[in-house]
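Everything on this sheet refers to the single structure shown next.
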Amino acid sequence: MVVRLLPGNRCAVLFSKKYLQSQKMPHYKLTYFDLRGRGEPVRMMFAIAGVPFEDKRIEKADWPELKKTFPFGALPVLEVDGVQIGQTLAIVRYVAREFGFAGPDNLTAALADALADQFVDFLTSTEKWIISTAGDLGVAASGDKVSPSHFDRLSLLVAYLQDEIYNTVYAPAREKHFAYFEAALAKSTTGWYAGTLELTHADVVIAEFLEFVSRLDKNADKLFEGFPLMEAQYKKVYVIYVIFFSSLIPNCRSTLRRDPMPNTEKRIHITDIFENSTVLQ
């Protein structure tokens, strides 16, 4: 193994090619759609660990036929030497334990698990907002001709409903749940959620799902308003991922591609992190 010193005297453990070969690593195959979504935290964990994996991306058109071949009829699925593991967080925890990102002991791992689970609870509580913002609203989806005035009325109605859902569903959930995460970071002396010297799977899961939320939030430029520690942690994860680890697996497709999402002009772009922050200082 190789220990690399990161800015701020942080250390990260990387697995050298010689070490990986000597350990006869299993064959890892991650199957997910050709987008970030729930598969991205898993891709990030492999990249940060420096462990090669097969990044299998399927087209949505092929999913109905393939669905019956996967556990629970859902993705992502990780295959380890042919053994299939379903459920995003179960996969993330497995990868974290295998490659040293679950914390130094079971108690710390449990704290990281709880934080990751809590962020998923936040996303679940905002499901109506997520669907209304990212989902296909189906205006004129049937192919029927719609007059401009009718379309304008539909657009106004949709905009009104989206604003209502934003204000009554998303905004209160953000204030409630972000306070939990800010409090966890306030207790940490390292800037990582579980108070560890190195990041855990909770840091990766929360940062990547925050990236997802930022691409939906119409006020993404104010996403971290009132939560400065969350913003610092989010930026720190992507500094480490992008600068130090994203090129470790050359045969993997880039996981930093942009999925088409609304409100991208207001979100905190990953490239901006390096130009406008003091994370590396």
Side-chain angles (χ1 to χ4, degrees), residues 1 3-15 30 37-51 76 78 80 85-127 172-214 223-224 226-241 244-245 279:
M1 289 185 291
V3 177
R4 176 177 291 179
L5 185 66
L6 302 182
N9 295 322
R10 297 189 300 273
C11 292
V13 178
L14 308 182
F15 294 88
L30 178 69
R38 290 181 293 163
E40 194 69 3
V42 184
R43 296 182 185 122
M44 290 177 68
M45 289 300 299
F46 273 106
I48 292 173
V51 176
L78 177 67
V80 183
I85 306 171
Q87 293 293 340
T88 303
L89 292 183
I91 297 169
V92 168
R93 288 166 183 150
Y94 167 79
V95 174
R97 289 194 297 268
E98 285 292 291
F99 306 130
F101 294 105
D105 51 53
N106 288 335
L107 179 59
T108 306
L111 292 174
D113 287 346
L115 287 159
D117 288 345
Q118 187 62 38
F119 202 89
V120 173
D121 283 354
F122 160 66
L123 292 178
T124 301
S125 71
T126 63
E127 186 175 30
R174 171 186 169 275
E175 291 297 316
K176 173 184 175 181
H177 289 269
F178 278 27
Y180 299 150
F181 304 116
E182 190 75 4
L185 289 171
K187 294 178 182 178
S188 172
T189 59
T190 63
W192 300 122
Y193 277 107
T196 49
L197 293 177
E198 301 166 8
L199 59 73
T200 66
H201 52 294
D203 295 290
V204 176
V205 168
I206 294 173
E208 172 54 25
F209 286 160
L210 279 170
E211 168 74 6
F212 167 73
V213 170
S214 77
L223 176 65
F224 294 109
F227 305 100
L229 299 179
M230 288 185 67
E231 181 175 12
Q233 188 275 346
Y234 166 82
K235 291 179 177 180
K236 188 162 63 168
V237 168
Y238 277 102
V239 165
I240 290 176
Y241 176 52
F244 296 101
F245 301 108
V279 174

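Keep in mind it's a predicted model, so treat the numbers as computed, not measured. Residues take their numbers from the sequence shown, with the count starting at 1.
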- Nearest atoms (heavy-atom pairs only) where Gly191 meets Gln233: O-CG, 3.5 Å
- Query: Given Thr200 and Trp192, is the side-chain contact (heavy atoms from CB on, under 4.5 Å) satisfied, shown in steps?
  - Reply: CA-CA 8 Å; Thr200 66; Trp192 300 122; over 6 Å; no
- Spacing of Leu185 atom CG and Asp203 atom CG [to the nearest 0.5 Å]: 7.5 Å
- Message: Going by the rule side-chain hydrogen bond (donor to acceptor under 3.5 Å, both in side chains), which residues pair with Glu208 if we only count those two or more places apart in sequence or in a different chain?
- Response: Arg36, Tyr238
- Item | Nearest atoms (heavy-atom pairs only) where Tyr94 meets Val80 | OH-CG1, 3.5 Å
- Determine, stepwise, if the pair Leu89 / Asp113 fulfils side-chain contact (heavy atoms from CB on, under 4.5 Å). CA-CA 9 Å; Leu89 292 183; Asp113 287 346; over 6 Å; no
- In chain order, what residues pass the ring-ring contact (aromatic ring centres under 6.0 Å, His included) check against Phe122, with sequence neighbours excluded? Phe119, His177, Phe178
- Item | Asp117: partners by salt bridge (charged side-chain N to carboxylate O under 4.0 Å, His left out), with sequence neighbours left out | Arg93
- Minimal heavy-atom distance between Pro41 and Val92, with the atoms involved, is CB-CG2, 4.2 Å
- Any chance you could measure Met230, atom CE, to Tyr180, atom OH, to the nearest 0.5 Å? 13.0 Å
- Is a donor on one side and an acceptor on the other found under 3.5 Å between the side chain of Thr190 and the backbone of Thr196? yes
- Task: Find the distance between OH (Tyr234) and CG (Leu223) and round it off to the nearest 0.5 Å.
- Result: 8.0 Å
- Query: Nearest 0.5 Å, what's the CE-CG distance between Met45 and Leu78?
  - Reply: 12.0 Å
- Message: Ignoring hydrogens, what is the shortest heavy-atom contact between Gly39 and Leu30? Give both atom names and the distance.
- Response: O-CD2, 3.9 Å
- Query: Which is it for Ile48 and Leu199 under the side-chain contact (heavy atoms from CB on, under 4.5 Å) test, yes or no, and what are the steps along the way?
  - Reply: CA-CA 10 Å; Ile48 292 173; Leu199 59 73; 4.3 Å; yes
- Message: Restricting to non-hydrogen atoms, name the atom on Ala179 and the atom on Phe227 that form the minimum distance, rounded to 0.1 Å.
- Response: N-CE2, 3.6 Å
- Message: Holding to side-chain contact (heavy atoms from CB on, under 4.5 Å), I want the full list of residues that pass it with Leu115, two or more places apart in sequence or in another chain.
- Response: Phe181, Ala184, Tyr193, Ala202, Ile206
- Message: Checking Thr88 now: which residues fulfil side-chain hydrogen bond (donor to acceptor under 3.5 Å, both in side chains) with it, not counting sequence neighbours?
- Response: none
- Query: How would you list all residue pairs meeting salt bridge (Lys or Arg N to Asp or Glu O under 4.0 Å) that involve residues 173-196, not counting sequence neighbours?
  - Reply: none
- Message: Working to the nearest 0.5 angstrom, can you tell me the gap between Thr126 OG1 and Asp121 CG?
- Response: 10.5 Å
- Task: Search all heavy atoms of His201 against all heavy atoms of Ala112 and return the closest pair with its distance.
- Result: CE1-CB, 3.5 Å
- Task: Rounded to the nearest 0.5 Å, what's the gap from NZ on Lys235 to CG on Leu210? Could you check?
- Result: 12.5 Å
- With sequence neighbours left out, what residues match Thr108 under side-chain hydrogen bond (donor to acceptor under 3.5 Å, both in side chains)? Asp105
